2 protein chains.
Amino acid sequence: MYEHNTKIKKLIKDKNIKLTTARVAILEILEKAKKPLSYEDIKVDISMDKATFYRNIAKFEKEDMINSFESNDKKRYFELKKEPHAHFICMECNSIQCIKNIDITLPNYEIYNVTINGKCPDCQI
Amino acid sequence: MYEHNTKIKKLIKDKNIKLTTARVAILEILEKAKKPLSYEDIKVDISMDKATFYRNIAKFEKEDMINSFESNDKKRYFELKKEPHAHFICMECNSIQCIKNIDITLPNYEIYNVTINGKCPDCQI
DNA sequence: CTATTAAATGCGACTAAGTTGCAATTGAAT
DNA sequence: ATTCAATTGCAACTTAGTCGCATTTAATAG
Ligand SMILES: [Mn+2]
Ligand SMILES: [Mn+2]
Ligand SMILES: [Zn+2]
Ligand SMILES: [Zn+2]
């Protein structure tokens, strides 16, 4: 038994779902990352099967613990739920950045997430 | 020989690429549609192979004739290039709407397209 | 601490959007 | 009408993600 991250444990317990090593592992990685990650990004650092990964991701989304979006590379990216913000995806280098200083509202629409595609500052000619 | 859409023909000719029936067919459908379409949406109305479809789409994108984005349903959506605008994708009913009245700028970033995910007015409880 | 059981996991097979190699066809130009 | 590069159709392939099912594990009750 290791000294597990108690913050992560609490996050899971508070949702009344089983506290499993797979769930702790996924959430710990997402917490350390400062940007959204795909299964591809994470798989080297975890030992679980991809079915387990995606089933837990689905659970986390249902429990409103994470949010996710589709990038331009056909992969889905995940991050722990924080204050709402947009994401910029560079179509040159595929980097993803959290954009906190814009906010978009549309009357009568409920907005869950916003993705902006383009060329990041580093990739301008 | 039919009376082909001369506007579409011109669109192709102006780019100095071959005027083929496949290209005219794709562009005619995209022009008639008032919203972005996927291959899935279009395939019933065209007879070409999907490889031909996607190769022409790639060509159109390279020639800057259309733009495209990834939806939440893992499909890519295409539309004729017009004035820049955002797209709203409903995560309940998967409908897509062109949103012309918001505009987003980020200093030092070049923005190609913006997608907003959420719940459309029709899908509010 | 042990038994019970629903939930979670691993594995392998599968799905579906999109891509690629190659031989046959077509359209623009001479 | 001839030529030749560009385009097409077909079949095989790629890849992120999903699913069924047998096994394991975490929570709970005794
Ligand atoms: Mn973010
Ligand atoms: Mn549009
Ligand atoms: Zn970049
Ligand atoms: Zn809707």
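Just so we're clear, the structure is a prediction, and the values are computed from it rather than from any experiment.
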Protein-nucleotides 18-21 of chain D N/O pairs closer than 3.5 Å?
residue: D:dG20; atom: O6; partner: A:Arg55; partner atom: NH1; Å: 3.2

Could you run down the sub-3.5 Å N/O contacts of the protein with nucleotides 24-27 of chain C?
residue: C:dT26; atom: O2; partner: B:Lys18; partner atom: NZ; Å: 3.4

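In this structure, NZ of A:Lys13 is placed 7 Å from P of D:dT28, rounded to the nearest angstrom. Here D:dT15 presents its C1' atom at 13 Å from CD of A:Glu70, a figure rounded to the nearest Å. One can place CD of B:Glu40 at 9 Å from P of C:dG18, the figure rounded to the nearest angstrom. For the pair B:Lys59 NZ and D:dT8 P, the interatomic distance rounds to 10 Å; values are reported in whole Å. One can place CG of A:Asp73 at 14 Å from C1' of D:dG17, the figure rounded to the nearest angstrom. Taking atom CD1 of residue B:Ile17 and atom P of nucleotide D:dT7, one finds them 7 Å apart after rounding to whole Å. The CE atom of A:Met48 sits 19 Å away from the P atom of D:dT24 (whole-angstrom rounding). The distance between atom CD1 of B:Ile42 and atom P of C:dA17, rounded to the nearest whole Å, is 14 Å.
The listed nucleotides are C:dA17, D:dG17, D:dT8; the one nearest the side chain of A:Arg76 is D:dG17.
Within the structure, every side-chain polar atom (N or O) of A:Asn16 is placed at least 4.0 Å from both OP1 and OP2 of D:dA27. Between B:Lys74 and D:dG17 there is a side-chain N or O to OP1 or OP2 distance below 4.0 Å.
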For residues 99-111 of chain A, which side-chain donor-acceptor pairs fall under 3.5 Å, sequence neighbours excluded?
residue: A:Lys100; atom: NZ; partner: A:Glu83; partner atom: OE2; Å: 3.2
residue: A:Tyr109; atom: OH; partner: B:Gln97; partner atom: OE1; Å: 2.3
residue: A:Glu110; atom: OE2; partner: A:Tyr112; partner atom: OH; Å: 3.4

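Among the heavy atoms of the strands, none lies under 4.0 Å from A:Lys43.
Hydrophobic clustering places A:Tyr54 together with A:Leu37 (ILVMFWY residues linked when any side-chain heavy atoms are closer than 4.5 Å, directly or through intermediates).
For B:Asn113, the side-chain hydrogen bond (donor to acceptor under 3.5 Å, both in side chains) partners at least two apart in sequence or on another chain are A:Asn117. Scored by the salt bridge (charged side-chain N to carboxylate O under 4.0 Å, His left out) test, B:Lys34 finds no partners at all (sequence neighbours excluded).
Relative to the axis of its first five pairs, the axis of the last five pairs of the helix from C:dC1-D:dG30 to C:dT30-D:dA1 sits at 30°, rounded to 10 degrees.
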